[in-house]
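I'd like to ask some things about the structure below.
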2 protein chains.
Amino acid sequence: MKLADYPFAPTDGAEDRAAAIREHLRDAIIDRRLAPGTKLGEAEVGALFDVSRTVVRSALQMLSFEGLVRSERNRGAFVANPSPEEARQVFDARRLIEPALAGSAVERLRPLDIAEFRSLLEEESRLMGERGASVRRAEIRASGDFHLALARVAGNAVLERFMEELVARSSLVIALYGRTGASSCGHADHGSILAALEARDVRSAGELLVHHIDHIESDLDLTPAHGLDLRAALSRG
Amino acid sequence: MKLADYPFAPTDGAEDRAAAIREHLRDAIIDRRLAPGTKLGEAEVGALFDVSRTVVRSALQMLSFEGLVRSERNRGAFVANPSPEEARQVFDARRLIEPALAGSAVERLRPLDIAEFRSLLEEESRLMGERGASVRRAEIRASGDFHLALARVAGNAVLERFMEELVARSSLVIALYGRTGASSCGHADHGSILAALEARDVRSAGELLVHHIDHIESDLDLTPAHGLDLRAALSRG
DNA sequence: AATGGCAAAAGTGTATGCAATCCCGATCCC
DNA sequence: GGGATCGGGATTGCATACACTTTTGCCATT
């Protein structure tokens with residue numbers, strides 16, 4: 001079976017296969033199609049994508065750096081199972097970084113960027129109207145895209161990469177600890193944040209962002225759960 | 001030839017060799033023993049550490065993620081040659097993150113931590129008294145260690161990892177653009193920052209940190225240098 | 001029946017081989 | 001003489017083979 005048989009993204013023509021696998025796995029993890037703790041055997045993943053273990057190892061190493069996969073020597077790679085403490089740290093980092101991004105973004109915001117934000121918001125609205133598990137996944141993803149767009153507009157490549165990691169890990173945390181009841185990520189918040197950005201109101205945008213992140217975090221159940229970690233609570237969620 | 005024959009760091013007993021190579025290369029890069037643009041051939045590095053290209057590739061991939069190495073498909077890995085713009089973004093990120101770390105650190109500062117800070121400061125003082133190129137390198141490193149200690153004390157593992165990357169990239173930038181004249185990193189600044197931390201004066205500590213970072217950055221020559229980048233200025237510094 | 005140990009099986013860590021790509025220099029054509 | 005073209009050499013990308021570690025299932029022993 002050859003490379004082109006797989007429905008990779010159109011741009012991936014003859015590109016790096018490890019990166020493609022990384023993205024597939026990452027999507028699967030933050031969509032929770034792969035449950036935390038799931039073992040990602042090199043041979044198994046390799047068979048799925050029809051590549052050798054070499055390429056899979058490369059992809060797994062990248063995911064390990066991003067914090068989406070936990071690697072143990074001689075034991076293998078597993079979908080990360082972030083602790084509540086880890087989750088808090090991720091959100092703390094976001095509360096710190098995102099208001100600053102808003103400051104930079106306001107200075108550099110161009111009409112084209114606004115159009116992109118609006119497009120993302122419309123996509124979110126569309127998803128909110130529908131029902132179903134796969135829609136819920138897409139909703140989490142779309143919510144992350146809004147924050148990634150903010151990072152991109154801010155124009156700091158270093159912080160943008162940090163945000164990519166933080167958003168991915170947030171998505172995993174939400175999938176893990178999210179109370180299904182409430183809408184996972186307030187869509188209305190994004191709208192008001194964008195309005196503040198357009199109004200060049202940095203202070204307001206920053207406050208809205210912090211509240212937004214607070215809101216997301218407060219919607220989680222971050223109780224320490226079960227007592228001790230008997231080998232990380234049996235390595236399973 | 002067996003594993004234990006190599007004089008790695010004492011703790012590295014039977015540990016991961018890729019990580020060890022990564023650290024060796026990282027030290028060499030931020031010490032500028034490896035000049036920006038230098039090609040890191042897989043076979044060459046492998047011969048140096050007496051490992052196969054597989055292990056080297058793993059180490060290079062990690063360094064590529066950290067931004068210390070630039071990888072080009074089918075061409076190889078090169079020591080990163082950060083642009084002035086990139087340098088500014090690194091320092092912007094530090095100005096954003098470090099004052100926040102000070103806030104967390106003040107809340108969690110324990111006597112043992114203070115002792116560590118003092119020890120680091122003493123080491124810096126000792127190095128300042130000496131002369132020589134290798135001392136200058138050690139000075140840059142020691143300066144970075146102070147900021148890494150701050151990140152560690154702050155207790156956020158996510159931000160700590162970000163800081164590791166930022167400090168490493170800063171060291172590379174300083175080695176690249178630093179005007180040799182001025183002392184690369186104001187040692188006195190660290191002392192006053194520590195004093196502010198001990199006094200639980202978060203605001204003051206944050207301001208001192210920002211000024212400190214400003215000071216470091218102002219000591220660089222970040223002029224756009226030579227006109228265009230003819231294939232990144234011929235791939236050499 | 002429970003426990004300890006052993007051996008096979010599974011899976012990862014590393015080395016190596018082969019194909020593809022890129023770089024460089026020589027050659028040829030205009 | 002300048003520029004394009006075409007090998008040769010070197011290097012990377014990937015797959016595979018082998019070594020070592022961990023796990024697992026079985027059996028003997030208590």
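Quick note on labels: first sequence line is chain A, next is B, and so on, each numbered from 1.
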When you measure from the side-chain N and O atoms of R73(A) to the phosphate of dT14(C), is any distance below 4.0 Å, counting only OP1 and OP2?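 Looking at the OP1 and OP2 atoms of dT14(C), one of them is under 4.0 Å from a side-chain N or O of R73(A).
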Want to settle it: does L40(B) or V51(A) sit nearer the 5' end of DNA chain D, counting the closest nucleotide to each?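 That would be L40(B).
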Could you check whether S64(B) and R70(B), counting side-chain N and O atoms only, form a donor-acceptor pair closer than 3.5 Å?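 Checked: R70(B)/S64(B) side chains show no N/O donor-acceptor pair below 3.5 Å.
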Rounding to an integer number of Å, can you tell me how far N74(A) CG sits from dT12(C) C1'?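 These atoms are roughly 6 Å apart.
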Would you call K39(A)-E44(A) a salt bridge at under 4.0 Å N-O?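 Not counted as a salt bridge, because no side-chain N and carboxylate O are separated by less than 4.0 Å.
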Closest to side chain of V55(A), choosing from dT14(C), dC14(D), dT12(C):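 For the V55(A) side chain, the nearest candidate turns out to be dC14(D).
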When you get a sec, tell me which of dT14(C), dT12(D), dA15(D) is the closest nucleotide to the side chain of E42(B)?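 Closest of the options to the side chain of E42(B): dT12(D).
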dC14(D), dC23(C), dT22(D): which one has an atom nearest the side-chain heavy atoms of R75(A)?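 Taking heavy atoms from C-beta onward, the closest nucleotide is dT22(D).
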Between L96(A) and L96(B), is a side chain to side chain contact (heavy atoms under 4.5 Å, CB included) present by the stated rule, with each step listed? CA-CA 8 Å; L96(A) 170 62; L96(B) 169 62; 4.2 Å; yes
For E122(B), is there an ion pair with R126(B) - N to carboxylate O distance below 4.0 angstrom?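 No, no charged N to carboxylate O under 4.0 Å.
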From CD of Q61(B) over to C1' of dC14(D), roughly how many Å is that when rounded to an integer?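 Roughly 14 Å, once rounded to whole Å.
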T54(B) vs A43(B), nearer the 5' end of DNA chain D by closest nucleotide: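 This one resolves to A43(B).
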Whole-Å gap separating C1' (dT21(D)) and CD (E72(A)):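 Result: 14 Å.
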Respond yes when some side-chain nitrogen or oxygen of K39(B) is under 4.0 Å from OP1 or OP2 of dT12(D), and no when none is.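 So the side chain of K39(B) is within the cut-off, an N or O lying under 4.0 Å from OP1 or OP2 of dT12(D).
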Measure the distance from CZ on R57(B) to C1' on dG13(C) and round it to the nearest whole Å.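 From R57(B) CZ to dG13(C) C1': 16 Å.
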Just to confirm, is there a sub-4.0 Å distance from OP1 or OP2 of dT14(C) to any side-chain nitrogen or oxygen of R17(B)?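 For dT14(C), OP1 or OP2 has a side-chain N or O of R17(B) closer than 4.0 Å.
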Whole-Å gap separating C1' (dA19(D)) and CZ (R53(A)):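 R53(A) atom CZ is separated from dA19(D) atom C1' by 12 Å.
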Hey, which of R94(A), R88(A), R95(A), R179(A) is the one that makes salt bridge (charged side-chain N to carboxylate O under 4.0 Å, His left out) with E217(A)?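 The salt bridge (charged side-chain N to carboxylate O under 4.0 Å, His left out) with E217(A) is passed solely by R95(A) among R94(A), R88(A), R95(A), R179(A).
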Which one, dG13(C), dA15(D), dG13(D), comes nearest to the side chain of S52(A)?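 Ranking dG13(C), dA15(D), dG13(D) by closest atom to the S52(A) side chain puts dA15(D) first.
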Considering only dT22(D), dT14(C), dA15(D), which nucleotide approaches the side chain of D16(B) most closely?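 Of dT22(D), dT14(C), dA15(D), dT14(C) is nearest to the side chain of D16(B).
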